[in-house]
Amino acid sequence: MYKRKMLIDTDTASDDAVAILMAHRYPDIEPLAVTVVSGNMRVEDGSRNARYTIELCGAQTPVYLGCERPMLREPVHAYWYHGSDGMGGMNYPEPKLRAANGHAIEALIENIRAHENDVILVTLGPLTNVASALLRAPEIAKMVSRCIVMGGAANVVGNVTPAAEYNIWCDPEAARIVFRSGMNLEMVGWEAGRGAAALTDQEIAAVYAFNTPFAKFAMECNAHALQLAKHWQGDPGMTLHDPTAMAVALDPSISKRRGKYRVDVETRGELTRGMTVVDERHTVGTQAYFTDEWAVRQPNVLTHHELDAAKWKALLYQCLR
Ligand code: RIB
Ligand code: CA
């Protein structure tokens, strides 16, 4: 069977782990490599969490350590949200799978070059690794068949500020490089995992009842984040942002509302750092009086606003059974 080749760039916290598991459990996906970036977790913690997850899936996918901090900004981690180990405090044993030799940036470049127009890149953390790879080898932008970014907030409130979602906010300069790179980009903002897409208590109980190591792992390592999703974010259940982006990568038909717009990233705003500015009304380039740099810039990002909640959850469950 032909398998779709995938690269996963991640700051492996508990929701990233479920996304990585999904890629390793989905029937027609061949994960080529996992590259780790500083974000929610320091890279060494992210690497450990990714390797544990891969080992749980019985795989040997190489895991490469990447950028240890954003391009310009100070690192801001999220141990408070994902637990002391990033996995809900489950303190899983040290995986036997060791980190692969070589840097994540080179691993991205080499794998993209080796599989030109035949690789899906899924990003689950800040875009520091991907931006750095694009700066070193700009030609790879046109070699990636699809790049699905978990990040941003398409004209909705952010999670870390009223304007911005964490992955973009953490390294806005990197995000701007990626969004302006010409790569075939799809954006799944944090809003896609909220509301009806969140797993309710009943649905969580039903997943545990699958009685598989994958279901147990996915739910238990996100139990800590669940409390914050409910009581800090005001969501009706477990929000799994990275898994929703992975689900769109695996089966784009789960996207219920989407559009291709000009999207750019705010890097200078005092209040709007990391905002994904989504030109949903196609205002740029239409009015003759538009004089600023937007005027000549075409739509560049397929933005997924909303998922079919039932289809998204069915795909997740398929990977956990
Ligand atoms: O804002 C949600 C994103 O930030 C997810 O990728 C989560 O893992 C964190 O990295
Ligand atoms: Ca993440």
Q: Write down the atom of Met90, the atom of Cys221, and the distance for their closest heavy-atom approach.
A: CG-CA, 4.0 Å
Q: Answer yes or no: is there an ion pair linking Arg146 with Glu186, defined by an N-O contact shorter than 4.0 Å?
A: yes
Q) Ser145 side chain to Val119 main-chain N or O, any donor-acceptor pair under 3.5 Å? A) yes
Q. Ion pair present between Arg73 and Asp171, side-chain N to carboxylate O less than 4.0 angstrom?
A. no
Q) Are Arg48 and Tyr92 side-chain neighbours, meaning at least one heavy-atom pair lies under 4.5 Å? A) no
Q | Closest non-hydrogen atom pair, Pro138 against Leu135 | A | CD-O, 3.9 Å
Q. Given the rule in the side-chain contact (heavy atoms from CB on, under 4.5 Å) test, do Ser38 and His77 qualify, once you have shown the distances and angles that lead to the verdict?
A. CA-CA 8 Å; Ser38 169; His77 304 301; 3.4 Å; yes
Q. Under 6.0 Å between ring centres, would you say that holds for Tyr64 and His103?
A. no
Q.
Quick check for you: to the nearest 0.5 Å, what is the distance between Leu307 atom CG and Lys311 atom NZ?
A. 11.0 Å
Q) According to a 4.5 Å side-chain heavy-atom criterion applied to Ile, Leu, Val, Met, Phe, Trp and Tyr, with indirect links allowed, do Val301 and Met183 form part of one hydrophobic cluster? A) yes
Q. Do other residues, nucleotides or ligands put more than 12 heavy atoms under 6.0 Å from the CG atom of Asn117?
A. yes
Q. Does a donor on one side chain sit under 3.5 Å from an acceptor on the other, for Asp118 and Tyr2?
A. yes
**Q.** No-hydrogen, no-angle side-chain donor-acceptor test under 3.5 Å, Asp9 and Thr35
**A.** yes
Please list every donor-acceptor pair under 3.5 Å in which a side-chain atom of residues 205-214 meets a protein atom from a residue at least two apart or in another chain.
residue	atom	partner	partner atom	Å
Tyr208	OH	Glu220	N	3.3
Thr212	OG1	Ala215	N	3.0
Thr212	OG1	Leu320	O	2.5

Q: Please tell me if the side chains of Thr53 and Met87 come closer than 4.5 Å, counting only heavy atoms from C-beta onward.
A: yes
Q.
I'd like to know if Arg69 and Glu74 make a salt bridge, using a cut-off of under 4.0 Å between side-chain N and carboxylate O.
A. yes
Q: Kindly give the heavy-atom pair with the smallest separation between Pro95 and Glu55, and that separation in Å.
A: CA-OE1, 3.3 Å
Q: Check whether any side-chain N or O of Arg25 sits under 3.5 Å from a backbone N or O of Arg321 as a donor-acceptor pair, and report yes or no.
A: yes
Q: With rounding to the nearest 0.5 Å, note down the distance linking CG in Asn129 to CG in Leu65.
A: 9.5 Å
**Q.** Validation row, ring centre Tyr166 to ring centre Tyr81 under 6.0 Å
**A.** no
Q: Work out which heavy atom in Pro172 is nearest to a heavy atom in Trp169; give both atom names and the distance.
A: CD-O, 3.1 Å
Q. Quick one: does Asn167's side chain have a donor or acceptor within less than 3.5 Å of a partner on Leu127's backbone?
A. no
Q. For His305, does its backbone N or O pair with a side-chain atom of Arg257 as donor and acceptor, under 3.5 Å?
A. no
Q: Could you state whether Leu7 and Ile148 fall into the same hydrophobic cluster, counting links through intermediate Ile, Leu, Val, Met, Phe, Trp or Tyr residues with side-chain heavy atoms under 4.5 angstrom apart?
A: no
Q. Side-chain contact, heavy-atom cut-off 4.5 Å: Ile177 with Met71?
A. yes
Q) Which pair of heavy atoms, one from Leu315 and one from Ala247, lies closest together, and at what distance? A) CD1-O, 3.9 Å
Q) Would you call Pro75 and Pro70 a side-chain contact if the rule is heavy atoms closer than 4.5 Å? A) yes
Q.
Could you check whether any side-chain N or O of Asn49 sits under 3.5 Å from a backbone N or O of Asp85, counting only pairs where one atom can act as donor and the other as acceptor?
A. yes
Q: Answer with yes or no whether the hydrophobic clustering places Val263 together with Leu121; edges join I, L, V, M, F, W, Y residues whose side-chain heavy atoms lie under 4.5 Å apart.
A: yes
Q | Residues Lys3, Glu30: salt bridge by 4.0 Å N-O rule | A | no
Q) Do the non-hydrogen side-chain atoms of Arg281 and Tyr261 ever get within less than 4.5 Å of each other? A) no
Q: Report whether Leu302 and Leu185 are members of the same hydrophobic cluster (ILVMFWY, side-chain heavy atoms less than 4.5 Å apart, transitive linking).
A: no
Q) Under 3.5 Å, is there a donor-acceptor pair between the side chain of Asn40 and the main chain of Asp11? A) no
Q | Audit row: Thr10, Asp242, side-chain contact (heavy atoms from CB on, under 4.5 Å) steps and yes/no | A | CA-CA 9 Å; Thr10 167; Asp242 292 329; 5.8 Å; no
Q | Test: Asp308 and Lys256 ion pair at under 4.0 Å | A | no
**Q.** From Leu250 atom CG to Met22 atom CE, the distance as rounded to the nearest 0.5 Å
**A.** 5.5 Å
Q | Straight-line distance of Met150 CE to Thr244 OG1, nearest 0.5 Å | A | 6.0 Å
(Q) Walk me through whether Arg51 and Lys96 qualify under side-chain contact (heavy atoms from CB on, under 4.5 Å). (A) CA-CA 8 Å; Arg51 287 182 282 116; Lys96 295 179 182 58; over 6 Å; no
Q.
Test side-chain contact (heavy atoms from CB on, under 4.5 Å) on Thr123 and Cys147; report intermediate values, then the result.
A. CA-CA 7 Å; Thr123 74; Cys147 177; 4.1 Å; yes
Q.
Has Trp312 got a side-chain atom pairing as donor or acceptor with Ala197's backbone, closer than 3.5 angstrom?
A. yes
Q) Can Ser14 and His224 be counted as having a side-chain donor-acceptor contact under 3.5 angstrom? A) no
**Q.** From OG1 (Thr303) to CZ (Arg258), nearest 0.5 Å
**A.** 11.5 Å
Q: Answer whether the closest heavy-atom distance between the side chains of Leu134 and Val130 falls below 4.5 Å.
A: yes
Q. Given side chains that start at C-beta, do those of Glu191 and Glu165 come closer than 4.5 Å, heavy atoms only?
A. no
Q: Would you confirm whether Thr239, through its side chain, and His241, through its main-chain N or O, come within 3.5 Å as a donor-acceptor pair?
A: no
Q. Between the side chain of Arg113 and the main-chain N/O of Ala137, is any donor-acceptor distance below 3.5 Å?
A. no
Q. Rounded to the nearest 0.5 Å, how far does CG of Leu32 lie from CD of Glu110?
A. 12.5 Å
**Q.** Backbone of Thr128 reached by a side-chain donor or acceptor of Ser132 within 3.5 Å
**A.** yes
Q.
Same cluster or not: Met246 versus Leu240, using hydrophobic residues (I, L, V, M, F, W, Y) connected whenever any side-chain heavy atoms lie under 4.5 Å apart?
A. yes
Q) Quick one: does Met219's side chain get under 4.5 Å of Leu226's, heavy atoms only? A) no
Q | Smallest separation among heavy atoms of Gln318 and Pro27, with atom names | A | NE2-CD, 3.8 Å
Q: For atom CD of Gln60, decide whether the heavy atoms of other residues, nucleotides or ligands shown that lie under 6.0 angstrom number more than 12.
A: no
